[in-house]
Each structure stands twice: as structure tokens, then as C-alpha cells.
Amino acid sequence: MTTARKIGLITGGGTGVGAAAALLLARKGYDLLLNYSRSADEAQACAAACREAGADVLVMQGDVSLDADCRALAQAAVDRWGRLDALINNAGISVFGKAADWEALDAETFQHILGVNALGSFQMVRACVMALKAAQGCIVNVSSVAGALGVGSSMPYIASKGAINAMTLHLARALAPAVRANAVCPGLISTRWFVQGVGQEGYEKGLKAYEAGVPLQRACSPEDVAEAIAYLVDARTVTGELLLLDSGMHLAGVQAPR
């Protein structure tokens, strides 16, 4: 299939930030490949909303920690539309409440989080890079303020996001001028993912503390992050940017738990 619309591939595209980004890009003229790992029903619902906005959408299950799955996603986009203009590396996992407990994490958990968040992002870039170069396209990595400030839900999550930030800077240099590479680095995002990680009571307590402690006194919504992603997708003179979406958290002197 050939199309006049641009093509985006979003990992973790069924829920939260990924779903919000998909709907916004669909409204901006993108056809989309939405990847999910477990949230099949949510991914299909997101795809339906994107189709209502005028997009052609392909939904595919895949684990980005597996190189074969990453290559299959990239190939599916090229087979369907003949091009790829934007890769949004959004798939990510964490564990909660283990940022300060040195004995609570085993090597398998650490490696799994790094495998999805950091290695998965690299493998998706590697799988998509030739198509992105041909389209003079872009990469947007969904990172976290955790990677910039060293504060987050767990040590492996912090490490994985720091790796994504460093990788983004390298990609911006290595792939220029053909491909731009940027990252968005949100602070606390008010999503189901956070609620599932800490429970409703923990979520409400954490949200209240966060909003009281940052200058703008508000958390990110998925739509806030989606708007930043869409900006970086379109910003033809921006590369190597780590865009903090933290309501000024980096100004607030936040301390890591001990």
C-alpha cells in the first residue's frame, strides 16, 4: 500500500502515553503501527479511535526486548505502507517501591527492565533505521526525568532511562542529517500504570506530594506527553533534545529516597 500520509510506529501504543500519542498523530495525518505486549483490547480500542480520526492502523503484538519482534514490527510497517517517518519508543516497564531497598532487586528483574526499556529502544532503532533514513524521519524516545535526576520508581528504571537519554544524544549525532533523535522526559504521569504500581491510596498520596513539591504544582497527563512527542516529530531543526516535562521538578531540589 502507498499513502500520502506519513507513517508512525509506536511501541507500547495501546494505553497511556502511547495511546494518547497515537490519537494525536492520527489527527495530524499519520497512519500508524501500534505495538502492544499485553494490552490487546486496549490497543484495538485505540486503533478504532485512530481510524475514526482518518488513520489506517495496523496493530501488532510484540516484545521489544526480543530482537526478532522488533524486526518484525519494522518490516510490517514497510510492507504495509512502503515507508516509515517516525519511531516512537514508548514501551517501558518498572517495579515500584524498590528505589532505596538495595536487597529487594535480583539480577533477573534488573536485566528485564533494562532489556525492555533500554535494549528494546536500541533494537527498535536498529530495526527501523534504514526506513527512517530513506524517509528523512525521526525518533522520539519516551524517557523520564528519572534518567536526568536519578529519582524514580526503582534503580533499574532509573538506570534504563539514563541509558535512553545517553543513547538519544548518540543517535542524534550518529544519524544526522538523515534522522533526528530526541527524547521526552516526563515527571510523574497520572496514568493507570502508576496506580497499578503503587495502588490507589499510594497513587493519591504520591500525586499530592508531587504536585505540592514542584513549581507548577501539577503532574503530566498522557495528553501533555503526547503533545510534546508530536512537537518533536514535527520540529525539523530539533535533534539531541532531552525535553523535561516535569513541572519544574528539576528546580525543586528533589531528594532520592535513602
Side-chain angles (χ1 to χ4, degrees), residues 1-94 112 115-117 119-132 134-135 137-142 184 189 191-196 221-223 225-230 232-234:
M1 175 187 293
T2 58
T3 177
R5 294 166 64 91
K6 291 187 176 182
I7 309 303
L9 192 165
I10 305 177
T11 66
T15 62
V17 168
L23 186 55
L24 182 54
L25 289 177
R27 290 168 175 164
K28 291 173 69 69
Y30 276 75
D31 293 334
L32 298 164
L33 190 155
L34 300 184
N35 155 256
Y36 71 94
S37 61
R38 297 182 300 274
S39 303
D41 291 344
E42 291 90 340
Q44 292 294 346
C46 178
C50 291
R51 292 183 184 114
E52 289 182 5
D56 182 38
V57 184
L58 176 63
V59 179
M60 285 186 64
Q61 193 276 338
D63 179 350
V64 297
S65 71
L66 303 176
D67 184 56
D69 285 14
C70 295
R71 293 182 187 272
L73 291 169
Q75 190 62 51
V78 173
D79 287 348
R80 188 176 184 96
W81 295 292
R83 61 183 294 162
L84 181 61
D85 298 273
L87 168 64
I88 315 301
N89 275 319
N90 174 66
I93 59 172
S94 187
H112 181 54
V116 172
N117 296 0
L119 179 61
S121 295
F122 163 71
Q123 289 179 160
M124 284 303 308
V125 170
R126 180 170 60 186
C128 295
V129 68
M130 296 307 296
L132 290 170
C138 68
I139 299 159
V140 180
N141 293 321
V142 179
V184 293
I189 310 173
T191 62
R192 183 186 68 179
W193 183 73
F194 185 31
V195 176
Q196 290 174 335
S221 69
E223 291 73 22
V225 185
E227 288 176 2
I229 291 169
L232 290 174
V233 165
D234 288 340

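Counting from 1, the numbers follow the sequence of the chain as shown.
Scanning for salt bridge (charged side-chain N to carboxylate O under 4.0 Å, His left out) contacts around Asp69 gives an empty result, with sequence neighbours left out. Listed by chain and number, the residues in a side-chain hydrogen bond (donor to acceptor under 3.5 Å, both in side chains) with Gln75 are Asp79 (sequence neighbours excluded). The side-chain hydrogen bond (donor to acceptor under 3.5 Å, both in side chains) search around Asn141 returns Asn89, Thr168, not counting sequence neighbours. Contacts of Cys138 classified as side chain to side chain contact (heavy atoms under 4.5 Å, CB included), with partners at least two apart in sequence or in another chain: Ala86, Arg180, Val233. A search for side-chain hydrogen bond (donor to acceptor under 3.5 Å, both in side chains) contacts involving Ser39 returns nothing, not counting sequence neighbours. Here Val129 pairs with Lys133, Leu175 under the side chain to side chain contact (heavy atoms under 4.5 Å, CB included) rule; sequence neighbours left out. Listed by chain and residue number, Leu33, Leu58, Met60 satisfy the side chain to side chain contact (heavy atoms under 4.5 Å, CB included) test with Ala76 (two or more places apart in sequence, or in another chain). Taking the salt bridge (charged side-chain N to carboxylate O under 4.0 Å, His left out) definition, one finds that Arg71 meets it with Asp67, sequence neighbours left out. Listed by chain and number, the residues in a side-chain hydrogen bond (donor to acceptor under 3.5 Å, both in side chains) with Asn117 are Ser160 (sequence neighbours excluded).
Note: Ile139 CD1 to Met124 CE = 10.0 Å, rounded to the nearest 0.5 Å. How far CD1 of Ile10 is from SG of Cys46: 7.0 Å, rounded to the nearest 0.5 Å. To the nearest 0.5 Å, the span separating CZ on Arg126 from SG on Cys70 amounts to 8.5 Å. From Tyr36, atom OH reaches atom OG1 of Thr15 across 12.5 Å, with rounding to the nearest 0.5 Å. Distance CZ/Arg51 to CG/Leu32: 10.0 Å, rounded to 0.5 Å. Taken from CG in Leu84 to CG in Leu9, the straight-line distance is 6.0 Å, to the nearest 0.5 Å.
Checking side-chain atoms of Thr11 against main-chain N and O of Asn35 turns up no donor-acceptor pair under 3.5 Å. Using a distance-only test at 3.5 Å, with no hydrogens or angles considered, no donor-acceptor pair links the side chain of Arg83 to the main chain of Ala131. At least one donor-acceptor pair under 3.5 Å links the side chain of Asp85 to the backbone N or O of Ile7. Within the 3.5 Å criterion, the main-chain N or O of Gly12 finds a donor-acceptor partner in the side chain of Asn90.
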Just distance, no hydrogens or angles: give the donor-acceptor pairs under 3.5 Å from side chains in residues 18-28, sequence neighbours left out.
| unit_1 | atom_1 | unit_2 | atom_2 | d |
| --- | --- | --- | --- | --- |
| Lys28 | NZ | Asp234 | OD2 | 3.1 |

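Here salt bridge (charged side-chain N to carboxylate O under 4.0 Å, His left out) pairs that include residues 33-45, with residues two or more places apart or in two chains, are Glu42-Arg192. Among pairs with a residue in residues 14-23, none fulfils salt bridge (charged side-chain N to carboxylate O under 4.0 Å, His left out), at least two apart in sequence or across chains.
Nearest heavy-atom pair, Val59 versus Ala43, reported as atom, atom and distance to 0.1 Å: CG1-CB, 3.9 Å. Taking every heavy atom of both residues into account, Ala127 and Ala74 meet most closely at O-CB, 3.4 Å. Of all heavy-atom pairs spanning Ile189 and Pro222, the tightest one is CG2-N, 4.0 Å.
Looking at Leu87 and Leu132, their side chains come closer than 4.5 Å, going by heavy atoms from C-beta outward. Within the 4.5 Å cutoff, no side-chain heavy atoms of Ser121 are placed close to those of Val64.
With respect to Asp31 and Arg80, no salt bridge is recorded, no charged nitrogen being found less than 4.0 Å from a carboxylate O.
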